[in-house]
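Notes follow once the structure below has been shown.
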Amino acid sequence: MEQRLRRSDDQEPDEASDLSYDLISPAIRQQRKIIGEPLLVFDLVDSTNTVAHRLADEGYPEGTVVIANRQTAGRGRHGRIWFSPPNRNIYMSVILKPPLDSRKATLLTLMAAVACCQAVRNLAGIDASIKWPNDIVVGARKCGGILTETRPAAGSVQCAILGIGINVNMDEDDLDEFLSRDATSLKIETLRAWDRSAVAVRAIGDLDRWYLSLLDGGAERIRSEWRNLSSTIGKLVSVSGVAGAAVGIAADIDDFGYLVLSMPDGSTRRASAGDISQFRTVGETS
Ligand code: BTN
């Protein structure tokens, strides 16, 4: 059921789509160090993360990028469905094989959130921020999300699939009553359509740069930029997990990328992204 759009070895151009291998590939080839090649652009997949897992099993290298025009089974965190209307948004997954302690796998998600947030801010000029740990938001509405799926082996991250969804050209009409409260897109925020290939090129470039920084011992740079872009730090938040619900001030993120909560009794608590099933800033109604 997967239908591939152009690769360099295909003959038929796909002029109907603004998401094109031929537009993306030359642009990222100029700038990439690790992320962006091989590049596979599909019309239809179930989930780009599922395809990327399969390609990793087949031996595709670190840096492989899978992009699709449509997903029939896009998935979000905590088993949620990722709304994936065709011809509108970016659905992308990257194969990474970082020499990273598996306890620090959350840093990959923070790194991707920083890269994608910067990409949409710089390209579209919107005031996007990061809501813990991985939501790219404009105000209270989400315009992007990241799903990192790791395969830990002997204490290190053997292989990680970084799944990225960026809402680019969705209109209000694409959203039902529930989603229109929670979701937005670059087009909704800027009142103009965006070339999805250009958005993909920018996101891949920023991912490449921040991933290199992470490999180069730049975890602190990532944490620092994450704090700058965060709309969570300093807020009163509610986190519920296996150890029960906790309400405290989001004070910082630690070396492992965990959220550090400052509790009313003066103690601190740490929450990993996996612990969080509910997260609200005070004043939000949803
Ligand atoms: C979230 O819950 O915020 C994470 C959403 C991640 C969605 C992207 S779309 C591309 C990739 N393929 C998927 O099935 N999910 C991720």
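Remember, it's 1-based here, ligands and their atoms both numbered in the order they're listed. Treat the numbers as computed from the prediction; the structure is a model and nothing was measured.
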Side-chain touch R70/S84, heavy atoms, less than 4.5 angstrom: no
For C117, the option from L229, D135, D206, N228 that meets side chain to side chain contact (heavy atoms under 4.5 Å, CB included): L229
I146 and ligand 1 - part of the residue with a heavy-atom distance under 4.0 Å: backbone
Neighbour count >12 (heavy atoms, 6.0 Å) for atom CZ, R103: no
Candidate list N134, V65, L207, test side chain to side chain contact (heavy atoms under 4.5 Å, CB included), partner I164, passing option: L207
R75 N/O under 3.5 Å from ligand 1 N/O: yes
Side-chain touch M92/V66, heavy atoms, less than 4.5 angstrom: no
S47 neighbourhood, listing ligand 1 atoms whose heavy-atom distance to it stays under 4.0 Å: 12 (N), 13 (C), 14 (O)
Of the listed options M92, Q71, E149, closest to atom 12 (N) of ligand 1 (non-hydrogen atoms): Q71
Enumerated ligand 1 atoms positioned under 4.0 Å from heavy atoms of G74: 14 (O)
Protein contact to atom 5 (C) of ligand 1 [nearest heavy atom, distance to 0.1 Å]: W82 CE3, 3.3 Å
Closest protein heavy atom (residue, atom, distance) for atom 11 (C) of ligand 1: T48 OG1, 3.2 Å
Nitrogen or oxygen of K142 less than 3.5 angstrom from that of ligand 1: yes
D208 (side chain) donor-acceptor with I35 (main chain) under 3.5 angstrom: yes
Residue selection (non-hydrogen contact nearest atom 2 (O) of ligand 1) among H78, K131, R77, R80: R77
From CA spacing to verdict: side chain to side chain contact (heavy atoms under 4.5 Å, CB included), R141, D182: CA-CA 5 Å; R141 294 169 81 188; D182 288 341; over 6 Å; no
